[in-house]
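In what follows, a structure is listed as structure tokens, so that the remarks can point back to it.
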Amino acid sequence: MNAPPTAERQAAGSQAPHPTLPGYYDVAEERAGFVRRLFDDTARHYDRINAVFSLGTGGRYRRQTLQRAGLRSGMRVLDVACGTGLVTREAARIVGAEGHVMGLDPSAGMLAEARRQLRLPFLQGRAETLPLADASLDFITMGYALRHVADLAGPFAEYRRVLRPGGTVLLLEIGRPDGPVAHALAKTYLGKVVPALCRVAAPAARSGMLMQYYWDTIEACVPAETILHHLRMAGFAQVECETTLGIFRSYIARR
Ligand SMILES: C[S@@+](CC[C@H](N)C(=O)[O-])C[C@H]1O[C@@H](n2cnc3c(N)ncnc32)[C@H](O)[C@@H]1O
């Protein structure tokens, strides 16, 4: 389904995570197709790219953040924007055989990689329309993908719908550092060094572009307060954001 035109979305109180980024796509309606093709084209290289730039956001960071947010053995989990399954696999380890973990992503290329690596259910779909029953989950994760949705309100309403009362949503993100020195360092590393390294480490035509887009969306992204506000507007409670090393953010909210 196509996204409603920009004016209609604004009237409905929706909030794009960042403005349109000319040079990548021209109008908001082209964003989803651009993002899907970008991840399809680079899926084979994603894990290698992630290893290059992860800066500690690897498996251990993902696992510890899931545990801190309250993920426990036996829970039912959906990993939205699962990509190749980097968060999914850590969630599956924590919930164990008693639990149930599914991944969901719009990119067929990313899903093919996830299915190659993990024997877990993976669904093709988008955060905006989850193919799941009301109150059917204990926990929702979304790793490094909030910047790719069309607006914050739609996915947050869906997360609230499919979580049981008391359920948890955990959003992992990279945020624009506040101070000028930290910002300059991040801009140099993530905006220049990483794209250049990726062109060498994963020479698919678009690996460098993927990481350039990654930084450009971080720079243009709405502040943490806006994300927290929209979680509250969607009906979540105990909404908080924890920042590590000035850049790694985890947003936690309870249904
Ligand atoms: C940077 S990758 C993150 C993958 C994984 N979660 C991780 O921790 O590495 C972003 C993922 O978001 C997915 N994505 C983009 N738009 C989405 C949407 N509207 N709903 C759900 N996933 C989306 C992309 O296909 C891609 O796999």
Side-chain angles (χ1 to χ4, degrees), residues 1-3 14 16-18 24-25 28-66 77-92 101-115 117-118 120 122-132 140-159 162 169-174 190 194 198 202 206-207 209-218 221 248-250:
M1 199 175 78
N2 289 333
S14 62
H18 61 78
Y24 294 108
Y25 54 88
E29 289 68 28
E30 291 172 2
R31 178 205 297 242
F34 165 79
V35 169
R36 189 178 37 75
R37 286 189 295 277
L38 192 56
F39 281 105
D40 275 346
D41 290 353
T42 51
R44 273 187 313 128
H45 304 277
Y46 181 81
D47 287 3
R48 199 142 35 105
I49 292 171
N50 188 73
V52 170
F53 81 89
S54 68
L55 280 171
T57 60
R60 198 168 60 143
Y61 173 81
R62 286 172 170 84
R63 188 164 60 253
Q64 288 175 344
T65 310
L66 289 165
V77 184
L78 176 68
D79 180 26
V80 179
C82 60
T84 60
L86 294 177
V87 175
T88 332
R89 76 177 66 218
E90 301 305 331
V101 178
M102 296 169 278
L104 174 133
D105 200 284
S107 158
M110 294 295 258
L111 288 172
E113 282 299 309
R115 289 182 181 123
Q117 297 181 36
L118 298 167
L120 292 169
F122 287 102
L123 315 170
Q124 189 163 25
R126 314 184 62 79
E128 291 85 344
T129 324
L130 299 179
L132 295 173
I140 289 183
T141 57
M142 184 186 211
Y144 312 104
L146 192 62
R147 283 165 285 118
H148 301 315
V149 301
D151 82 275
L152 301 180
F156 291 173
E158 275 295 82
Y159 296 171
V162 301
V169 58
L170 167 67
L171 312 170
L172 300 172
E173 260 308 330
I174 304 254
L190 289 173
V194 170
C198 285
R206 310 232 291 166
S207 301
M209 184 199 266
L210 176 70
M211 295 318 295
Q212 194 67 58
Y213 184 69
Y214 191 82
W215 170 253
D216 288 344
T217 56
I218 290 169
C221 191
F248 303 112
R249 302 211 174 125
S250 51

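Order of listing sets the numbers, starting from 1, for every ligand and every atom in it. Fair warning: this is a prediction, and the values are worked out from it, not measured in the lab.
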Practice problem: Using distance alone, decide if ligand 1 has a nitrogen or oxygen within less than 3.5 Å of any nitrogen or oxygen in Y214. | Solution: no
Quiz item: Nearest to atom 21 (C) of ligand 1, what protein heavy atom do you find, and at what distance?
Solution: A127 N, 3.5 Å
Quiz item: Nearest heavy-atom pair of L104 and A127: which atoms, and what distance?
Solution: CD2-N, 4.2 Å
Practice problem: Under 4.0 Å from a heavy atom of V35: give me the atoms of ligand 1 that qualify, with their elements. | Solution: 15 (C)
Quiz item: How does M142 reach ligand 1, if at all, at less than 4.0 Å between non-hydrogen atoms: by side chain, backbone, both, or neither?
Solution: neither
Self-check item: Atoms in ligand 1 flagged as close to V87, the criterion being non-hydrogen separation under 4.0 Å
Solution: 8 (O)
Quiz item: Where the side chain of R115 meets the backbone of F122, is there a donor-acceptor pair that is under 3.5 Å apart?
Solution: yes
Practice problem: Under the side-chain contact (heavy atoms from CB on, under 4.5 Å) rule, what do M110 and Y46 come out as? Steps first, then yes or no, please. | Solution: CA-CA 8 Å; M110 294 295 258; Y46 181 81; 3.6 Å; yes
Exercise. Please check if the side chain of E173 supplies one atom and the backbone of L146 the other of a donor-acceptor pair under 3.5 Å.
Key: yes
Quiz item: Below 4.0 Å from any atom of ligand 1, is there a heavy atom belonging to R62?
Solution: yes
Quiz item: Starting from atom 9 (O) of ligand 1, which protein heavy atom do you reach first, and at what distance in Å?
Solution: Y46 OH, 2.7 Å
Quiz item: Which one of D105, T88, L38 has a non-hydrogen atom at the shortest distance from atom 26 (C) of ligand 1?
Solution: D105
Quiz item: With a cut-off of 4.0 Å, which atoms of ligand 1 are near a heavy atom of A145?
Solution: 10 (C), 12 (O)
Quiz item: When you measure from atom 17 (C) of ligand 1 to every protein heavy atom, which one gives the shortest distance, and what is it?
Solution: P106 CG, 3.7 Å
Exercise. Calculate, to the nearest 0.5 Å, the distance between atoms OG1 and CZ belonging to T65 and R249 respectively.
Key: 14.5 Å
Exercise. Check the pair V149 / F156 against side-chain contact (heavy atoms from CB on, under 4.5 Å), numbers first and verdict last.
Key: CA-CA 11 Å; V149 301; F156 291 173; over 6 Å; no
Quiz item: G83 heavy atoms, cut-off 4.0 Å: which ligand 1 atoms fall inside?
Solution: 4 (C), 27 (O)
Quiz item: Who's the nearest protein heavy-atom neighbour of atom 16 (N) of ligand 1, and how far?
Solution: H148 CB, 3.6 Å
Quiz prompt | Numbered atoms and elements of ligand 1 in range of Y144, under 4.0 angstrom, heavy atoms | solution = 1 (C), 8 (O), 10 (C)
Exercise. Determine yes or no for a side-chain-to-main-chain donor-acceptor pair under 3.5 angstrom, with D105 supplying the side chain and G83 the backbone.
Key: yes
Quiz prompt | Test item: E128 side-chain N/O and G154 main-chain N/O as donor-acceptor pair under 3.5 Å | solution = no
Exercise. May I ask you to decide if G85's main-chain N or O and D79's side chain share a donor-acceptor pair within less than 3.5 Å?
Key: no
Quiz item: Could you walk me through whether M102 and L132 pass the side-chain contact (heavy atoms from CB on, under 4.5 Å) check?
Solution: CA-CA 11 Å; M102 296 169 278; L132 295 173; 4.1 Å; yes
Quiz item: What residue and heavy atom of the protein are closest to atom 6 (N) of ligand 1, and at what distance?
Solution: A81 O, 2.8 Å
Practice problem: Could you see which bit of A150 sits under 4.0 Å from ligand 1, with heavy atoms only: side chain, backbone, both or neither? | Solution: neither
Quiz item: Should you measure from each heavy atom of F39, which atoms of ligand 1 turn up under 4.0 Å away?
Solution: 1 (C), 2 (S), 10 (C), 24 (C), 25 (O), 26 (C)
Quiz item: Could you give all pairs that pass the salt bridge (Lys or Arg N to Asp or Glu O under 4.0 Å) test and reach residues 81-91, with sequence neighbours left out?
Solution: R63-E90, E90-R93
Quiz item: Which atoms of ligand 1 are found less than 4.0 Å from any heavy atom of M110?
Solution: 27 (O)
Quiz prompt | Set of residues satisfying ring-ring contact (aromatic ring centres under 6.0 Å, His included) with respect to Y24, sequence neighbours excluded | solution = F34, Y213
Exercise. Run the numbers for me: atoms of ligand 1, each under 4.0 Å from some heavy atom of S107, listed by number.
Key: 25 (O)
Practice problem: Return yes when N50 approaches ligand 1 closer than 4.0 angstrom through a heavy atom, no otherwise. | Solution: no
